[in-house]
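Below: one structure, written as structure tokens.
The structure displayed is predicted, hence computed values, not measured ones.
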Amino acid sequence: MSASGANEQRILLIDGHAMAFRAFFALPADGFSDGRGQATNAVYGFTRMIINVVASEQPTHVAVAFDLPGGTFRDRIYDQYKAGREVTPPEFHGQIALIQQVLDALGVSWFTVEDYEADDIIATLATRTAAEGGQALIVTSDRDSIQLVGENVTLLQPIKGVTEMRRMDPAAVEEKYGIPPERYPDLAALVGESADNLPGVPGVGPKTAAKWITAYGDLQGILAHAEEIKGKAGQSLRDNVEAVERNRRMNAAVTDLELPQDPERYSLGRGDAVALNAVFDELAFGPTIRKDVPAVLLADGESASTVPERELPALQQPTGEQVAEVLARDFAAGAALVIDGRWELGQGDASALALATDDALAVIDLVDLDDTAERALATWLADPAIAKTAHDTKLATHQLRGRGLDVAGWSTDLAIAEFLCRPDQRPTDLAGLAMRHLQEDLQVTSAAVQQELDLDQDESGKDTLARAADAVARLGTTLREDLEQHAAVELHDDLELPLARVIGVMEATGIAVDDDVLAELDAQHEAEQERVAESAFSHLGGDRINLGSPKQLQEVLFDRLGMPRTRRTKTGFSTDAESLADLHEKTQHPFLTDLLAHRDVTKMRQIIDTLRRFISPTGRIHTTFHQNIAATGRLSSNNPNLQNIPTRTEEGRRIRSAFRASDGFESLMTADYSQIEMRIMAHLSDNEGLIEAFRSGEDLHRYVASKVFDVAPEDVDGAMRSKTKAVSYGLAYGLSAFGLARQLRISQAEATALRDGYFERFGGVRDYLRESVEKARAIGYTETILGRRRPLPDLTSDNRQRRENAERVALNSPIQGSAADIIKLAMLRVDEGLRDAGLTSRVLLQVHDELVLDVAPGEEEQLREVVAAGMGSAYELSVPLEVGIGVGPNWLAAAH
DNA sequence: GCACGGACGTA
DNA sequence: CGTACGTCCGTGCC
């Protein structure tokens, strides 16, 4: 308490505009909306802030000050005051009024005073409170309030966002600025305030200003001795006396505004929970922020929370023989599972398992399991008849495998189910998923979700784990309904869920990598890299720029060497390989050749280095495959990405030779679909010509080219074939004549003619593509052969750019997505085939249209049959699915 | 330390 | 002004 502790008043004073504005920029505007197009990010952030500050500072009184639109007396002193500020973003509009509605419901008084700023209101109330011996706490990002800091006045400055605050008392101000708070306006007058468009003395910063203030006492003293001050700064001061004096008049706080004296007007505990909930409903705010509203703000005994906390079943923590009892009694039919512990790169430390149903809740400690409990749990987990649900079944399986436990009987994978229903949403953590489903109409992004329900923040250990399991159980029910609604039950049950198990085994197995091969390659590339770099520098007169910096390259190429500008990027001009090749054609400058060579070799080294970092102690790389990333339904791979290992260039391909058959295995096998996307186009378009092309057994592009150019297949030359191939594949991506021309480096007229010629023979393909886009526009989503949907709301956008982009996506998604469906089916078939045939050979990788397998000794012939059959008959199209198979000691040699 | 853009590897 | 991804680096921000 202060020295004048007679007064217990402790008033919180908030600068409404400053904090609302800050909240606006701290949270994404497009992530917070009331569902009707009104952004609410500033409202949410501001409300969070006031809740937090009231809870942590425990004031007895509170007031919020706002600016009024239009000018103040300061504009009459200086007509450029606050000029040049960025215009308020449109999404900010209306949010101040909403904040005021929240404050009304909270029973917090807010004030505006004609002709004055929020600062002046705060200054008046702070000064008055301090004079009466109370304490004032000011919350603002505006520096003008620094002058108010004193024994009874503390400033809370937001540091990051609106929830982290720095406490400024007189000592802190002195520490930061080197002067006492009451001298701050003097310092600001000298330095100027760019936010208010108040220029100060050029060449004088806070350090100099503080030095002068210390030397001459205050601004008056400085001006009185202005003639004595030496140097440039002194002269600058003498030249700008008027501006300084004006600044000082401007930044002086007004402390005598007419504001209500009655302390009741500022007291807490006047909030109306019913009104507040109505406002929060309007704003689509979630349950947690309601729960967090401090009771002191509300009228007696009320709570803001309208979302009743679910009564959790009693938490059981069985040990020993109790585990078997509890599993048999409460979880005989199934349960939702949540496991505590991390799993990465084959390393796991699962420590506890939570189980939940609608009526039961248990946490089993995995660290101190005795034999009886372990056996009971192992039996229960392995029982395929016991239905189990998890947020991520593959991860749960990995975690339990790390404890030596196998799982069967997975029935629902929340992440997969969610993805099938909403493939374009970002992958969701459990907290985010729970939030989205608990508040159906709540349109918040992960930032808010994390705050709302952060299940990762493990505060109460087993309770949190149990609550999470309970959430998984309830979400399981919800998502099963969602799957029905989106016609995705079969996709989940019969494709993705079983596939998750197959992929999990692939990840756990990993692929053997020969580090010596990579080390040797790296050494070769290192030498080459140095050689090329030296050569490149020699063409720059020995200037050793950073060849990896697009910025420095632009300076050299376009400024220093005066080369013609290339296509624009966001930050300048492109230096990508295509642009550099163009430049080389035009200028013949030898630097460009070296630069391109340097890029190539640097890229190769990066790839090699990245791979080496991921080699496990057992000499294997365990990538992670994701089922819930690519909106078309493809898998993705990361840590490391094994789906983009080079293959196009000779140099790049050598990296593939480092991927080898595992010890105890005979060789690697690769099996890939030939032209699967074109086959799908033939099937979906039902185009006779294209179907015939595949049935003829002739080389596809040669056959199509012979029709397009109207020559015999044997008369198709290389140029005709490659042009036709470009059109064929371009079709599946929505390629324009412009893009085709650019890619083939031909004129746009020629490209148009080429495409027209193509459609003369294969017009059915164009018709199909057009119709499929129109159908998607009508029903709102695209569909693959297995019924995997992708919503595309932008197909009806008024914005041409967005609409045309969505059209290309609509064109491509059924094709890419159906190919993804087919290879996923194939993976299940191959997995089944391996088991049925009793083979030890195993699938290691999937690269979109290719599988890589370890071939066990003596199994090659049988494996060929299993793989060819599994992939070839995965799905029946109107054209055959052709599978190419190759075998060799390593991935490169296994190519065919 | 973190976010972003540019560049480039794959299907 | 061609779809779908992941990773690296340099840069500029806090």
Next item on the list: Return the 5'-most residue of the pair Ala737(A), Gln606(A) with respect to DNA chain C, ranking by each residue's nearest nucleotide.
Entry: Ala737(A)

Item checked: salt bridge (Lys or Arg N to Asp or Glu O under 4.0 Å) partners of residues 724-739 of chain A, not counting sequence neighbours, each pair once -> none

Margin query: Under the salt bridge (Lys or Arg N to Asp or Glu O under 4.0 Å) definition, can you give me all pairs with a residue in residues 571-583 of chain A, not counting sequence neighbours?
Written below: Arg567(A)-Asp576(A), Glu578(A)-Arg742(A), Asp582(A)-Arg745(A)

Item checked: ring-ring contact (aromatic ring centres under 6.0 Å, His included) partners of His398(A), counting only residues at least two apart -> Trp343(A)

Check: Partners of Phe558(A) by ring-ring contact (aromatic ring centres under 6.0 Å, His included), sequence neighbours excluded?
Finding: Phe573(A)

Item checked: Atom-pair distance (CD1 on Ile607(A); P on dA7(B)), nearest Å -> 17 Å

Next item on the list: Starting at atom CG of Asp600(A), determine the distance to atom P of dA7(B), rounded to an integer number of angstrom.
Entry: 15 Å

Check: Which whole number of Å gives the distance between the P atom of dC1(C) and that of dG5(B)?
Finding: 16 Å

Item checked: With sequence neighbours excluded, residues passing side chain to side chain contact (heavy atoms under 4.5 Å, CB included) with Ser722(A) -> none

Next item on the list: Output all residues satisfying side-chain hydrogen bond (donor to acceptor under 3.5 Å, both in side chains) with Arg800(A), sequence neighbours left out; order by chain, then residue number.
Entry: none

Report which part of the nucleic acid [X] touches: base, sugar-phosphate, or nothing (heavy-atom distance under 4.0 Å, all strands).
| X | answer |
| --- | --- |
| Ala820(A) | nothing |
| Thr602(A) | nothing |
| Arg808(A) | sugar-phosphate |
| Asn546(A) | sugar-phosphate |
| Arg605(A) | nothing |
| Ile645(A) | sugar-phosphate |
| Ile629(A) | sugar-phosphate |
| Arg800(A) | nothing |
| Asn805(A) | sugar-phosphate |

May I ask you to decide whether [X] forms a salt bridge with [Y], counting only side-chain N to carboxylate O separations under 4.0 Å?
| X | Y | result |
| --- | --- | --- |
| Arg721(A) | Asp699(A) | yes |
| Arg803(A) | Asp794(A) | no |
| Glu771(A) | Lys775(A) | no |

Next item on the list: Would you tell me if any nitrogen or oxygen in the side chain of Arg648(A) comes within less than 4.0 Å of OP1 or OP2 on dG9(B)?
Entry: no

Notebook entry, point to check: So which of residues 563-586 of chain A are in contact with DNA chain B, with a heavy-atom cut-off of under 4.0 Å?
Noted result: Thr569(A), Lys570(A), Thr571(A), Ser574(A), Thr575(A), Asp576(A), Ala577(A)

Partners of [X] by salt bridge (Lys or Arg N to Asp or Glu O under 4.0 Å), sequence neighbours excluded?
| X | answer |
| --- | --- |
| Glu850(A) | none |
| Asp522(A) | Arg605(A) |
| Arg660(A) | Asp663(A) |

Item checked: Contact list for DNA chain C against residues 551-560 of chain A - heavy-atom distance below 4.0 Å -> Lys551(A), Gln552(A)

Note to self: Reading DNA chain C in the 5' to 3' direction, which nucleotide is the first one with an atom under 4.0 Å from a heavy atom of chain A, and which is the last?
What the structure shows: dC1(C) to dG12(C)

